[in-house]
Amino acid sequence: NKVAAVVSTDIEQGFAIAARQRAPVRVLIDSATMTISFTERADTTLKYRTRSFKKGDMALGWISASRTNLDILPSGLAADTLSLKLGIYSKGNTTYSRTLRMTRAGQVRLK
């Protein structure tokens, strides 16, 4: 629940960054390295924020995304919708997951 809330806040801040910078922001989701990055679309080496979910108190077992990158435009709209599934493995091989869905207008819902 904590990680889903943090990712939700990060996505909402991505919309704020795009509006404040008056430039598109690209969200890069890497399931292999378990990272979510917010970069400038024109120069992806300029990172506004990168969050890793591989170690620490926010470690995840897996991240599954409907797309690996998504552009957030300064107008307040995203190029497409996004669906993220965040999961952990617990003792006894039980899995727990939360699904985060984002609309093009930036509304984020957790299921």
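When a residue number appears, it is its place in the shown sequence, counting from 1.
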Linked, directly or transitively: Tyr48 and Leu28 (ILVMFWY side chains, under 4.5 Å): no

Only pairs under 3.5 Å count here: list side-chain donor-acceptor contacts from residues 13-20, not counting sequence neighbours, and write none if there are none.
from: Gln13; atom 1: OE1; to: Arg49; atom 2: NH1; distance (Å): 2.3

Determine all donor-acceptor pairs shorter than 3.5 Å in which one atom belongs to a side chain in residues 75-97; sequence neighbours excluded.
from: Asp80; atom 1: OD2; to: Arg67; atom 2: NH2; distance (Å): 2.4
from: Ser83; atom 1: OG; to: Arg101; atom 2: NH1; distance (Å): 3.4
from: Ser90; atom 1: OG; to: Thr94; atom 2: O; distance (Å): 3.2

Closest approach of Lys111 to Arg98 (non-hydrogen atoms, all atoms of both residues): O-NE, 3.1 Å

Interatomic distance, Leu110 atom CG to Thr99 atom OG1 [nearest 0.5 angstrom]: 9.0 Å

Path from Met102 to Leu73 over hydrophobic side-chain contacts below 4.5 Å: no

Flag side-chain contact, heavy atom, 4.5 Å: Val27 against Ile72: yes

N/O donor-acceptor pair under 3.5 Å between Ser8 side chain and Ala4 backbone: no

Identify every side-chain donor-acceptor pair in residues 34-43 under 3.5 Å, counting partners at least two apart or on other chains, and give the distances.
from: Thr35; atom 1: OG1; to: Thr33; atom 2: OG1; distance (Å): 3.0
from: Ser37; atom 1: OG; to: Thr50; atom 2: OG1; distance (Å): 3.2
from: Thr39; atom 1: OG1; to: Arg26; atom 2: O; distance (Å): 3.4
from: Asp43; atom 1: OD1; to: Thr45; atom 2: N; distance (Å): 3.3
from: Asp43; atom 1: OD1; to: Thr45; atom 2: OG1; distance (Å): 2.6
from: Asp43; atom 1: OD2; to: Thr45; atom 2: OG1; distance (Å): 3.2

